[in-house]
There are 2 protein chains.
Amino acid sequence: MRRPFHHGNLRAVLLEQAEVMLRDQGVDGLSLRELARQAGVSHGAPRSHFIDRQALLDALAEQGFDRFTDQIRAALAIPGPIRERFRSVGRAYVDFSVDNAALMELMFAAKSSQSSGPVHNAAARFFAVLDGAMPDPPGGDHDDDLRTRFKLLFAATMQGTATLITAQRITREQGQRIIDDAADALRSSELGAHVLSSLEGTG
Amino acid sequence: MRRPFHHGNLRAVLLEQAEVMLRDQGVDGLSLRELARQAGVSHGAPRSHFIDRQALLDALAEQGFDRFTDQIRAALAIPGPIRERFRSVGRAYVDFSVDNAALMELMFAAKSSQSSGPVHNAAARFFAVLDGAMPDPPGGDHDDDLRTRFKLLFAATMQGTATLITAQRITREQGQRIIDDAADALRSSELGAHVLSSLEGTG
DNA sequence: ACCTGAACACCGTTCAAGT
DNA sequence: ACCTGAACACCGTTCAAGT
């Protein structure tokens, strides 16, 4: 029972194994030839599905953004007051980032910050959902600039917390505490007061 | 006038060129053989100064932490009220991180988060100086846990801001705004009130 | 349309040998 | 102590040829 000439499933298998390899060995350890070996095909075979190594990394980044988006969406689905929403999103953001550290590097790499293409679109979808963490106030008389500043401040805190945990400078527990403190500090800040006043009781 | 057998300066030259290469091509583009070529030595020569590629990367990370430390120290040297100190440190942190993005990756890589060795020590010195952004209150009756939480929250915000700029998700100007907003939000927060009350008028 | 396999130009690492 | 240069085992990429 020899393998057929056509694998039939190669692209999916390569992506799946690539993710395992990425997690275990990091980006540097991700080898196309090793991937081909594991899939039982010749080293030239991946070329039919990914034009080069970067194309495979881009596909991983795209997939990563989609999964990340799902996680944030799930966190947003949990009902509760606005403070609880932020904590919930923060937890989801940090957890995903820490559990997929090497993947996050790919996703946020300058290379992947393309101005078009599938990765760009997946990233755009992600940030759109993340924006949903703070729904538009019912009135509509909000200051868009203040809202942006508020959101970016929280996004930066989440991202930084994730980086510090991944770099093993702080523990996961300390990271969780940072998120909680950030949610509190933001709420009680002048910036937060402006932005959140019209949202109280929304979630 | 042929080159002498002993380069005499090879280690320093390799490190210097490696930093240029790191900035221009990223970590992936940093090749020992290319480095040797530029220095006019054989490809085996670097071995006498760096046992392997990672050893050179570690040396770069160590150097990076030392320079980063200097930048933070310079920012702290500027006199002013505590709010201004935080803005100043934040600017320095973000500027260095963005201007040395590839180097920062090395410095914060899990590989470099060693429990001993020169890199670990350089990192420890850095974080000690960063701690100095918030000097011990004169009274001494402060809550150490609250201070730690306060510092980590600000550190996470700086780090996250830098990452978002490097990933080209936000502009440098937006990043600067985040730092300013963070300084304000922290100050007016309950956490900030507890921690900073005994420090007002210190700087 | 998908895969093979040789070929090419790169790597990092090792190590005996030279100065 | 420092450097050379051959050797080895890996890469990614290209491309004619096979099915």
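Letters A, B, ... mirror the listed sequences (proteins, then strands); counts begin at 1.
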Can you measure [X] atom [atom1] to [N] atom [atom2] for me and round it to whole angstrom units?
| X | N | atom1 | atom2 | result |
| --- | --- | --- | --- | --- |
| H43(B) | dC2(D) | NE2 | P | 19 Å |
| F50(B) | dC2(D) | CZ | C1' | 14 Å |
| R11(B) | dC2(D) | CZ | P | 11 Å |
| I51(A) | dT14(D) | CD1 | P | 7 Å |
| E34(A) | dG12(D) | CD | P | 10 Å |
| L14(A) | dG12(D) | CG | C1' | 15 Å |
| Q54(B) | dC11(C) | CD | C1' | 16 Å |
| D28(A) | dG12(D) | CG | C1' | 14 Å |

Side chain of [X] only, heavy atoms from C-beta on: which candidate in [options] is closest?
| X | options | value |
| --- | --- | --- |
| S48(A) | dC2(C), dT14(C), dT13(D) | dC2(C) |
| R33(B) | dC2(D), dG5(D), dC11(C) | dC11(C) |
| S31(A) | dC3(C), dT13(C), dG12(D) | dG12(D) |

Is [X] touching bases, backbone alone, or none of the nucleic acid, heavy atoms closer than 4.0 Å?
| X | value |
| --- | --- |
| R53(A) | sugar-phosphate |
| L35(A) | nothing |
| R37(B) | sugar-phosphate |
| L30(A) | sugar-phosphate |

(request) Report yes if a donor N or O on one partner sits less than 3.5 Å from an acceptor N or O on the other, where the partners are the side chain of H49(A) and the base of dA1(C); otherwise report no. (result)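 No such pair is found, so the answer is no.
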(message) Check this for me: does the side-chain of R47(A) come within 3.5 Å of the base of dT4(C) through a donor and an acceptor?
(response)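 By the distance-only test, no, there is no pair.
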(request) Could you pull out the closest heavy-atom pair between R149(A) and D181(B), with the gap in Å? (result)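 Scanning both residues completely, I find the closest heavy atoms to be NH2-OD1, 2.6 Å.
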(message) Looking at every heavy atom in both L56(A) and L15(A), which two are closest together, and how far apart are they?
(response) O-CD2, 4.4 Å
(message) Do Y93(A) and Q159(A) pair up side chain to side chain, a donor and an acceptor below 3.5 Å, judged on atom types alone?
(response)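 Yes.
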(request) Please determine, by modelled atom types, if Q71(B) and R67(B) share a side-chain donor-acceptor pair under 3.5 angstrom. (result)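 Side-chain D/A pair, Q71(B) to R67(B): absent.
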(request) Map S42(B) and D52(A) onto DNA chain D by nearest heavy atom, then report which one ends up closer to the 5' terminus. (result) S42(B)
(request) May I ask which nucleotide in the shown strands pairs with dC3(C), Watson-Crick or G-U wobble, both distances under 3.5 Å? (result) none
(request) Could you let me know what dG12(D) is paired to, Watson-Crick or G-U wobble, both distances under 3.5 Å, or none if it's on its own? (result)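 Check on dG12(D): paired to dC8(C), both distances under 3.5 Å.
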(message) Strictly below 4.0 Å, N to O, side chains only: are D66(A) and R125(A) in salt-bridge contact?
(response)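 Judged by the 4.0 Å cut-off on N to carboxylate O distance, D66(A) and R125(A) do form a salt bridge.
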